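The model shown is predicted, which means the values in this text are computed figures rather than measured ones.
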Amino acid sequence: MVPPPLSPPLCTLPAGPGPPRFVCYCEEDGARGSFNLYVTDAAELWSTCFSPDNLPALKARFGLSAAEDITPRFRAACERQGVTLTLQEDIASLMLSGGPWTLTFDLSKVPGPEAAPRLQALTLGLAERVCRLERRLAAAEETAASPKKSPPRPGPQLFLPDPDPQRGGPGPGVRRRCPGESLINPGFKSKKPASGVDFDDA
């Protein structure tokens, strides 16, 4: 089965057990050569302003080549809870740390008319991800709850086994008659020994 494509990475801030106040996510378009980081509190939006011209320099800061994407590095920072936000009026400072590298970015507040469609797209995208995860969870629970099929048990043997070819007699499972045992009532000895017909008396 082909795994589903990865959704754009995101994380909630501040990291830790406390209630989240911000959502941080990124958008990268390899075809257009664009990448930007976003931070929102569901009411306002802050964003970086990278252009395709300064994208190679940004990748160099991540230690990436021109053909590599930045999104996996951002995803790794989210998974390690290595994203830190500092908010000062209209400027937000975002620090990403992941292993040997630590980078800091400045984000500017996006004007309201421009931020509204982006926040709408983010909300609908999150709702779609939740619905997809719930469907996958329901399918997994249904699979786990369904009883496993057991192999069929062999039925009673209706026919006698084949004779033993080496001895020429019946194979295992056929009881041998003891000497003197009655043919009509197996298990009981014959009361009168069998005798032949005396033709001389006739």
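With a 4.5 Å cut-off on side-chain heavy atoms, Met95 and Val83 do not count as touching. Within the 4.5 Å cutoff, side-chain heavy atoms of Ser51 are placed close to those of Asn54.
In this structure, CZ in Arg75 is found 14.0 Å from CD1 in Ile70, a value given to the nearest 0.5 Å. Taking CD of Gln81 as the start and CG of Leu13 as the end, the distance is 10.0 Å to the nearest 0.5 Å. In this structure, OG on Ser47 lies 8.0 Å from CD on Glu27, to the nearest 0.5 angstrom.
Across Thr12 and Pro20, no two heavy atoms sit closer than the pair CB-CB, 3.6 Å. Annotation for Pro19 and Pro14: closest pair O-CD, 4.2 Å, computed over non-hydrogen atoms. Of all heavy-atom pairs between Ser97 and Thr102, the closest is CB-OG1, 3.8 Å. Summarising the geometry of Ala115 relative to Leu45, their closest heavy-atom pair is CB-CB, 3.8 Å, with the distance given to 0.1 Å.
With Glu28 contributing its side chain and Phe35 its backbone, the two residues share no donor-acceptor pair below 3.5 Å. Side-chain atoms of Asp41 come within 3.5 Å of backbone N or O of Glu44 as a donor-acceptor pair. Judged by distance alone, with hydrogens and angles left aside, the side-chain atoms of Glu68 form a donor-acceptor pair with the main-chain N or O of Ser65 at under 3.5 Å. At distances below 3.5 Å, not a single donor-acceptor pair connects side-chain atoms of Ser93 with backbone N or O atoms of Asp106. Side-chain atoms of Lys59 come within 3.5 Å of backbone atoms of Ala66 as a donor-acceptor pair (strictly under, hydrogens ignored). A donor-acceptor pair under 3.5 Å is absent between the side-chain atoms of Thr48 and the main chain of Phe50, judged by distance alone. Formation of a donor-acceptor pair under 3.5 Å by the Arg61 side chain with backbone atoms of Thr104 is found in this model.
Relative orientation of the Phe105 and Phe62 rings is parallel, given thresholds of 30° and 60° on the angle between their planes.
Following chains of ILVMFWY side-chain contacts shorter than 4.5 Å, one cannot reach Leu94 starting from Leu119, and the two form parts of different hydrophobic clusters. Linking ILVMFWY side-chain heavy atoms closer than 4.5 Å, directly or via other members, places Leu87 and Leu96 in a single hydrophobic cluster. Hydrophobic clustering (ILVMFWY, side-chain heavy atoms < 4.5 Å, transitive): Leu85 and Leu122 are in distinct clusters. Note on Leu107: it clusters hydrophobically with Leu58, by side-chain heavy-atom contacts below 4.5 Å among ILVMFWY residues. Clustering ILVMFWY residues whenever any of their side-chain heavy atoms sit less than 4.5 angstrom apart, transitively, puts Val110 in a cluster other than the one holding Leu37.
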Quiz item: Between Glu141 and Thr143, does a side chain to side chain contact (heavy atoms under 4.5 Å, CB included) hold up when you go through it step by step?
Solution: CA-CA 5 Å; Glu141 291 178 348; Thr143 302; over 6 Å; no
Practice problem: Run the numbers on Ser108 and Trp46 for side chain to side chain contact (heavy atoms under 4.5 Å, CB included), then give the verdict. | Solution: CA-CA 5 Å; Ser108 303; Trp46 292 263; 6.0 Å; no
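With no hydrogens or angles considered, no side-chain donor-acceptor pair links Thr123 and Gln120 at under 3.5 Å.
Applying the ring-ring contact (aromatic ring centres under 6.0 Å, His included) criterion to Tyr25, with sequence neighbours excluded, gives Tyr38.
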